[in-house]
A.B. asks: 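Have a look at this one before I ask anything.
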Amino acid sequence: MSKYEPKIVEEKWRKVWRETGLYKTPENPKNPYYGLVMFAYPSGDLHCGHWYPYTGGDILARFARMQGHDVLHTNGFDAFGLPAENAAIKRGLMADVWTEENISTMTRQYEATGNMYDYDRLINTSKPEYYKWTQWLFLQLYKNGKAYQKEALVNWDPVDKTVLANEQVINGRAERSGAEVEKKSLKQWFFKITDYADALLEGLDNIEWPNRIKDAQKNWIGKSHGSLVKFPIKDSNDFLEIYTTRIDTIYSGTFIVLAPEHELVTSLTVDSQKQEVVKYQEISQSKTDTVRLEGKDKSGVFTGSYALNPATNESMPIWVADFVLGGYGTGAVFADAHDQRDSEFAKKYNIPLKTSVKPVDDRDISKIESFEICFEDDGILYNSEHFDGLTSSEAREKITEYLGSKGLAQKTTQYRLRDWLISRQRYWGSPIPIIYCEKCGTVPVPEKDLPVVLPLAQKIDKSGKSPLYRDSFINTECPECGGQAKRETDTMDTFVDSSWYYLRYPNPHYDKGPFDPEALNKWLPVSTYIGGPEHATMHLLYVRFMAHFLNEAGFLETNEPIPRFICNGLIDGPDGQKMSKSRGNVVDPDEYVNKYGADSVRLYMMFMGSYTDGGPWDPARFEGASRFISRFYELVHSDYKPQEINTIQEVELQSRSHKLVKKLKEDIAVAKFNTAIAAAMEFVNFASQIKRYGVVSEASWKEAVSMLVLSMAPITPYVCEELWQTLGGQESVHKQAWPRYDEKLVTDDVVTIVVQVNGKLKNEFVAEIGTANEELEKIARGLDAINKIIQKGEIIKVVVVPNRLVNFVIKQ
RNA sequence: GGGCGAGUGGUGGAACUGGUAUACACGACAGACUUAAAAUCUGUUGCCUCUGAGGCUUGCGGGUUCAAGUCCCGCCUCGCCCACCA
């Protein structure tokens, strides 16, 4: 009896698996399974928070293989980006050297943690053979009018000295540096994701993704239905166009507010107000979003002009205030008492308010007694002429129709989704393949000249001026006229790199295009994609956008190549806080692998709780996992030589082992790893009892432990391989087919029937499956404990649920 | 302010379409082995009264039902995402 030595055993099998090419992807899959996990930033701090999603993906891939699938499963590195660049600057290293170092550490860790990756397929997005095709994609988008340049107020991060996407700004602060974001005007490249707003919404119906992710994307796209209303400007022939979702409140609209950047502000401002308005515009221009948000007190100035309410014809003063956003709708709102913000603003500046919607109690508008303000979306109209008594939703239709007949309103749709700003004033990214020529203007780099190589071995300058500004990079020839020209010095957002990487795994060394259509044909669609919920609206939306574009442009057969996504939960550190290096609560995989073995860590993580919920890493609880591995090993590894046979035990062992196989198959298939493991633990406890005290035939024993080893192989690959060899296995356990279970052995022929009185458990008995209701009731009545109780009262009703319970309803 | 989700023992968490609440594990306590400890093994472990036995229990308050952790209504608390989006 030797003790299990995870370190020695795991090292042994790691080597064997590598040498025998166990994880090589089959060339011609008949029954493909493409297991995809979100690749990682090689920023140097791989911790158990990364390992968690990967373990789930690995279990599913190994399981699929045992189910008879040909499996493609690998990983890669999202190698470009700010974290790597910042880390390199901090350490005085070259970004590429730093990245390579991390990649080799992480590759070793991927392997040590037992992942069934095809290590010949690892992708590194910072290599020219990869980013050549990221640039190629940019050119396709450009050719199709989906990439364009525009001068725009952008989010400027003063610490990292770069432009950030809206998605990377959190409450006015930069997601990474935490700096307060400033506004700055620059010429930037955008991808026209807004062209796909509807397609991306509709596509959600065709994919099996968690609702939380779908809802987040719907919310982000933010389609809203409303009306575009024209407000005539007083003493003028012009109109102000206003988008509203609440046209039902138009009869109480008493004033209008414009965003400071609204194009009509200047012409609408009367001379006497000019000074004040201009000053206000300047102030809000310089304000960052944080200040605008934090300033709870709404401020604004009057323009001196009026518009007419198209419904009532009353005059409405036109104000300017920065709580109205220039970039949404028409940058103008009409205001009334039914909006919290509007009414606060009106009170502050003594603007009269009116109301026209009451809460829905009943539809009788004569019951309005007091001045009641309804902030709900839905109410009943009053003070609204012939629309009185309608519900808000009815009124929205009718009022839009009515004003529409006068040419003053129309139904319309708005989105909050903005185009994707992809320019970054950073070094460590894919250069944007564009050349500026004084004669020819903006000229795309011809495809034959790709890649535009990112100059390496550059010292990264702390001033933030990109090394791409060096003359040797900037100065070039115009591809069209051959004259002097300059290269674009911005690089692409790393989300561009990661928006298509999964299309390359099927043939990662393909050099005739970004992806090999033949290989895609073999492997797509992705069978399961696994990753964290934090990517719900960025990566996961960009991935879909890119697929929609590629499909439309004829490069991809489907526009939703990832039909199934599983969202893993997040792992918190031992302190209950989200695991991150900055908080100092990271758990280092190497330490645990050396001490306990990768299997124990895998088991511990997967047993912690529901895979979609994650949980806190609690070192105190870890021992249990490691203990289980030892008991499991001991159970199967040491000899069992029974003297005689007990038939009852024999039958029970058979039944339990076949049930185990069924349970694990069902649970693993739907990523319920925690309950699968619990079932295995129960089985090991039971089998240990049999081994210690029981007597069963060697054949049954061997069948039982083989089933255990095989069905646990996806979860704890090392110890199962070792045990499989002990049991006399010739080939790797990971090449075996999933064990078959006998349907007869997993169905019980007896069942425990619960006896209740008034719904409360009082007793129970065992009966054969399928026993008739009358018989069950008769047995239940015959039980002493029950008899005593029911005699005390009068039986009103008896409920019998076949194979489950008998419930006596009595009156006492 | 909006959206989504969650509240179950000392702890992490189980519980299929309403049908035995607390599986599995951690911790704790007791015992065996040991000179001793660690490791391992065995037993106990939701709470309350307790001799047997009985009563109570899934954040709080109602409701539907023979039966509610699960369904409905109203609250409270926490988490995540979004947010002066008209």
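Lettering of chains follows the sequences in order, A, B, ..., and the numbering in each one begins at 1.
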A.B. asks: For the C1' atoms, the ones on B:U58 and on B:U20, what distance do you get once it is rounded to whole angstrom?
C.D. replies: 15 Å
A.B. asks: Please answer whether the main-chain N or O of A:Leu381 pairs with a side-chain N or O of A:Ser384 as donor and acceptor at a distance below 3.5 Å.
C.D. replies: no
A.B. asks: Indicate whether the side chain of A:Tyr243 and that of A:Ser224 have a donor and an acceptor atom separated by less than 3.5 Å.
C.D. replies: yes
A.B. asks: Taking the C1' atom in each of B:C47 and B:G1, what is the distance between them to the nearest angstrom?
C.D. replies: 42 Å
A.B. asks: Across all strands, who's sitting opposite B:C84 as a Watson-Crick or G-U wobble pair, both distances under 3.5 Å?
C.D. replies: none
A.B. asks: Please name the nucleotide paired to B:C24 by Watson-Crick or G-U wobble geometry with both distances under 3.5 Å, or report none.
C.D. replies: B:G12
A.B. asks: Given atom CG of A:Leu783 and atom P of B:U20, what is their separation to the nearest angstrom?
C.D. replies: 18 Å
A.B. asks: Separation of A:Ile571 atom CD1 from B:G79 atom P, in whole Å?
C.D. replies: 19 Å
A.B. asks: Roughly how many Å is it from CZ in A:Phe628 to P in B:A39, rounded to a whole number?
C.D. replies: 20 Å
A.B. asks: Taking the P atom in each of B:G2 and B:U57, what is the distance between them to the nearest angstrom?
C.D. replies: 35 Å
A.B. asks: Distance check, C1' atoms only: B:U8 and B:U22, in whole angstrom units.
C.D. replies: 7 Å
A.B. asks: Checking contacts here: which listed nucleotide (B:C56, B:G19, B:G2) is nearest the side-chain heavy atoms of A:Lys760?
C.D. replies: B:C56
A.B. asks: Taking the C1' atom in each of B:U77 and B:A83, what is the distance between them to the nearest angstrom?
C.D. replies: 22 Å
A.B. asks: Would you find a donor on one side and an acceptor on the other, under 3.5 Å apart, between the side chain of A:Arg544 and the backbone of A:Leu200?
C.D. replies: yes
A.B. asks: Among residues 765-778 of chain A, which residues get a heavy atom nearer than 4.0 Å to RNA chain B?
C.D. replies: none
A.B. asks: What is the distance, rounded to the nearest whole Å, between atom CD of A:Gln756 and atom C1' of B:G18?
C.D. replies: 12 Å
A.B. asks: Rounding to a whole Å, what distance do you find between A:Asn211:CG and B:G3:P?
C.D. replies: 16 Å
A.B. asks: B:C81 and B:C29: how far apart are their C1' atoms, nearest whole angstrom?
C.D. replies: 44 Å
A.B. asks: Is it true that the side chains of A:Ser657 and A:Tyr741 contain a donor and an acceptor less than 3.5 Å apart?
C.D. replies: no
A.B. asks: Would you mind classifying the nucleic acid contact of A:Val801 as base, sugar-phosphate or nothing, using non-hydrogen atoms under 4.0 angstrom?
C.D. replies: base
A.B. asks: Look at the rings of A:Tyr349 and A:Phe345 and say which category their plane angle falls in: under 30° parallel, 30 to 60° tilted, over 60° perpendicular.
C.D. replies: tilted
A.B. asks: When you match A:Gly759 and A:Gly329 each to their closest nucleotide on RNA chain B, which lands nearer the 5' end?
C.D. replies: A:Gly759
A.B. asks: Within the structure shown, what part of the strands sits under 4.0 Å from A:Ser224 by heavy-atom distance: base, sugar-phosphate, or nothing?
C.D. replies: nothing
A.B. asks: Tell which nucleotide pairs with B:G19, taking only Watson-Crick or G-U wobble pairs whose two distances are both under 3.5 angstrom.
C.D. replies: B:C66
A.B. asks: Please work out whether B:G55 sits syn or anti, treating a glycosidic angle within 90° of 0 as syn.
C.D. replies: anti
A.B. asks: In whole angstrom, what separates A:Leu635's CG from B:C41's C1'?
C.D. replies: 15 Å
A.B. asks: Between B:G61 and B:C50, how far apart are the two P atoms, rounded to whole Å?
C.D. replies: 26 Å
A.B. asks: What does the B/S/- profile of nucleotides 23-33 of chain B look like, 5' to 3', with a 4.0 Å heavy-atom cutoff to protein?
C.D. replies: BBSBS------
A.B. asks: By nearest atom, which of the nucleotides B:A86, B:C82, B:A15 is closest to the A:Lys672 side chain?
C.D. replies: B:A15
A.B. asks: Whom does B:A30 pair with, Watson-Crick or G-U wobble, provided both distances fall under 3.5 Å?
C.D. replies: B:U42
A.B. asks: Under 4.5 Å between any side-chain heavy atoms of A:Met316 and A:Thr254, yes or no?
C.D. replies: no
A.B. asks: Hunt down the Watson-Crick or G-U wobble partner of B:A6, both distances under 3.5 Å, from any strand shown, or write none.
C.D. replies: B:U77
A.B. asks: Test side chain to side chain donor-acceptor pair (under 3.5 Å) on A:Asn219 and A:Arg416 and set out the steps.
C.D. replies: CA-CA 9 Å; A:Asn219 226 350; A:Arg416 87 179 50 174; 4.7 Å; no
A.B. asks: Is there a side-chain polar atom (N or O) of A:Gln217 under 4.0 Å from OP1 or OP2 of B:C81?
C.D. replies: no
A.B. asks: With rounding to the closest Å, how many angstrom separate the P atoms on B:G59 and B:G13?
C.D. replies: 14 Å
A.B. asks: Rounded to whole angstroms, how far apart are CD1 on A:Ile221 and P on B:C82?
C.D. replies: 15 Å
A.B. asks: Which listed nucleotide (B:C84, B:U20, B:C66) is nearest to the side chain of A:Phe323?
C.D. replies: B:C84
A.B. asks: Backbone N or O of A:Arg396 within a donor-acceptor pair of the A:Thr400 side chain at under 3.5 Å?
C.D. replies: yes
A.B. asks: Of the nucleotides B:C41, B:C66, B:A86, which has the atom closest to the A:Val799 side chain?
C.D. replies: B:C66
A.B. asks: Roughly how many Å is it from NZ in A:Lys218 to C1' in B:C4, rounded to a whole number?
C.D. replies: 12 Å
A.B. asks: Ignoring hydrogens and angles, tell me if any N or O in the side chain of A:Thr244 forms a donor-acceptor pair with the backbone of A:Arg246 under 3.5 Å.
C.D. replies: yes
A.B. asks: Below the 4.0 Å mark, does B:G55 have OP1 or OP2 next to a side-chain nitrogen or oxygen of A:Lys762?
C.D. replies: yes
A.B. asks: With respect to A:Met538, which candidate in A:Trp220, A:Phe495, A:Trp420 satisfies the side-chain contact (heavy atoms from CB on, under 4.5 Å) definition?
C.D. replies: A:Phe495
A.B. asks: When the nearest nucleotide of RNA chain B is assigned to A:Arg692 and to A:Pro533 on a heavy-atom basis, which residue is associated with the more 5' position?
C.D. replies: A:Arg692
A.B. asks: So does A:Ile318 get a backbone contact from the side chain of A:Thr303, meaning a donor-acceptor N/O pair under 3.5 Å?
C.D. replies: yes
A.B. asks: Would you mind telling me which of B:A15, B:G19, B:A83 lies closest to the side-chain atoms of A:Asn807?
C.D. replies: B:G19
A.B. asks: So if I take every side-chain heavy atom of A:Tyr693 and compare against B:C66, B:U42, B:G12, which nucleotide ends up nearest?
C.D. replies: B:U42
A.B. asks: How is A:Lys663 classified with respect to the nucleic acid when contacts are heavy atoms under 4.0 Å: base, sugar-phosphate, or nothing?
C.D. replies: nothing
A.B. asks: Is the NZ or CZ atom of A:Lys230 positioned over A:Phe239's six-membered ring, under 6.0 angstrom from the centre and within 45° of the axis?
C.D. replies: yes
A.B. asks: Could you check whether A:Gln689 gets within reach of a base, just the sugar-phosphate, or nothing at all, counting any heavy atom under 4.0 Å?
C.D. replies: sugar-phosphate
A.B. asks: Give a yes or no answer on whether the side chain of A:Ser626 reaches the backbone of A:Phe622 with a donor-acceptor pair at less than 3.5 Å.
C.D. replies: no
